[in-house]
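Here the structure is laid out as structure tokens; the discussion comes afterwards.
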Amino acid sequence: MPTQDHPPVLTSDPHQRLGKPAGGWRAALYAIIFESDTPKGRAFDLALIGAILLSVLVVVLTSVKPIADQYGDWLHAGEWFFTVLFTIEYAARCLCVQRPVLYARSFFGVIDLLSILPAYISLFVPAAHVVLGVRILRLLRIFRILKLTLYIQEYSMLGDALLASRRKIFVFLSVVFLIVFLLGSVMYVVEGPENGYTSIPTAVYWAISTMTTVGFGDLVPKTDIGRTIASFMMLLGWGILAVPTGIISSEITHQRGQRLLSMRVCPNCRSTGHEPEARYCKDCGTALPS
């Protein structure tokens, strides 16, 4: 049986899931690192976000050759400073929880590990240094710091909507691919190699850039028939943009309604968490509000 010191792992509460220490230096460290309700915890999280932004800036500046040539040693030292700093932070996070393996396998645990591994791997594989830009993903912690739980729920709802709409979106993208392939092939025949359409893949590339209203300009039709087809594709592109938006919006509306239904409160025992199609309370049998 689970005890108060070792609560069940399967819970939405991160403090119970990771295992908050009962006392001692680990509990104090846990309060600073994982809890942003205290002044020390909030200061730690804000300092961490500042360090993340500076480390990403260092990586970006390293990729600019004039700056790297002039300040390369400073940038290299700064990168290793942040790498050691984040390594200590990652170790502290693992030490102050009762289930370090569970934290290491969590979303933020994986991101934290990926933010420091490339630096060490680059000692043996120099090209891995570029992957250090993954540190910017750690800025997702800002949602927890600012208590923007509403936005976190909306992101979760968007992810659920995309997952539920995956078949419709796949069918839609299949139709779009058929259209651009067909019209690209037609443009290859109409314009020909003399106007830059040297192959069907090149013509399909043009069709994709035109359909998405990007229009890079490196390949444009020269004949009247080609311009007519291009105009049709541009107008078609505007109409196609509305299709995935409608699919996802309708799914989000549906899921929002389902969540509101599941949040119904029993008027007798005040129980919540009922199934959307439930008509009676799962605990006391009282009729639920519609």
Side-chain angles (χ1 to χ4, degrees), residues 11-64 67-68 70-123 128-156 159:
T11 174
S12 59
D13 187 354
H15 303 302
Q16 292 185 3
R17 187 173 66 251
L18 296 177
K20 181 179 179 180
W25 65 270
R26 293 177 65 198
L29 187 61
Y30 184 98
I32 294 175
I33 293 180
F34 284 97
E35 297 176 356
S36 57
D37 299 330
T38 63
K40 290 183 179 179
R42 185 175 180 84
F44 171 82
D45 285 340
L46 291 176
L48 177 61
I49 284 185
I52 293 170
L53 288 173
L54 288 175
S55 69
V56 172
L57 178 62
V58 168
V59 175
V60 172
L61 293 178
T62 303
S63 67
V64 182
I67 297 178
Q70 187 173 359
Y71 303 102
D73 294 338
W74 287 99
L75 293 174
H76 183 72
E79 172 51 41
W80 276 106
F81 168 78
F82 287 115
T83 297
V84 173
L85 181 66
F86 293 143
T87 302
I88 295 173
E89 180 234 348
Y90 179 77
R93 289 182 182 273
C94 292
L95 284 174
C96 69
V97 296
Q98 294 180 337
R99 302 185 182 90
V101 176
L102 194 62
Y103 167 74
R105 294 170 56 187
S106 65
F107 173 76
F108 283 117
V110 173
I111 294 299
D112 291 347
L113 182 61
L114 289 177
S115 70
I116 59 177
L117 272 184
Y120 296 109
I121 297 176
S122 66
L123 293 174
H129 189 79
V130 181
V131 191
L132 287 169
V134 75
R135 283 181 180 168
I136 201 168
L137 295 178
R138 302 188 73 199
L139 290 177
L140 292 174
R141 293 183 184 276
I142 197 171
F143 291 112
R144 177 171 62 86
I145 297 167
L146 301 180
K147 296 297 185 182
L148 298 180
T149 55
L150 174 62
Y151 290 97
I152 294 176
Q153 292 175 359
E154 293 298 330
Y155 272 104
S156 175

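Here the CG-OH distance, from Leu117 to Tyr90, works out to 8.0 Å after rounding to the nearest 0.5 Å. Once rounded to the nearest 0.5 Å, the distance linking OG1 of Thr87 with CG of Asp112 reads 10.5 Å.
For the residue pair Tyr103 and Phe108, the shortest heavy atom distance occurs at OH-O, 4.3 Å. The shortest heavy-atom contact between Leu75 and Ala68 is CD1-CA, 4.2 Å. For Pro100 against Cys94, the heavy-atom pair with the smallest separation is CB-O, 3.3 Å. For the pair Cys96 and Leu29, the tightest heavy-atom approach, listed with the atom from each and the gap, is CB-CD2, 3.9 Å. Scanning all heavy atoms of the two residues, the minimum distance from Val58 to Thr62 falls at O-OG1, 2.7 Å. Residue Phe34 comes nearest to Val97 through the heavy atom pair CE1-CG1, 3.6 Å, listed as atom of the first residue, atom of the second, then distance.
The shortest side-chain heavy-atom distance between Thr83 and Glu79 falls under the 4.5 Å cut-off. Considering only heavy atoms from C-beta on, Phe86 comes within 4.5 Å of Leu48 through its side chain.
Relative orientation of the Trp80 and His76 rings is perpendicular, given thresholds of 30° and 60° on the angle between their planes.
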*Full working for side chain to side chain contact (heavy atoms under 4.5 Å, CB included) between Glu89 and Phe44*: CA-CA 11 Å; Glu89 180 234 348; Phe44 171 82; 4.0 Å; yes
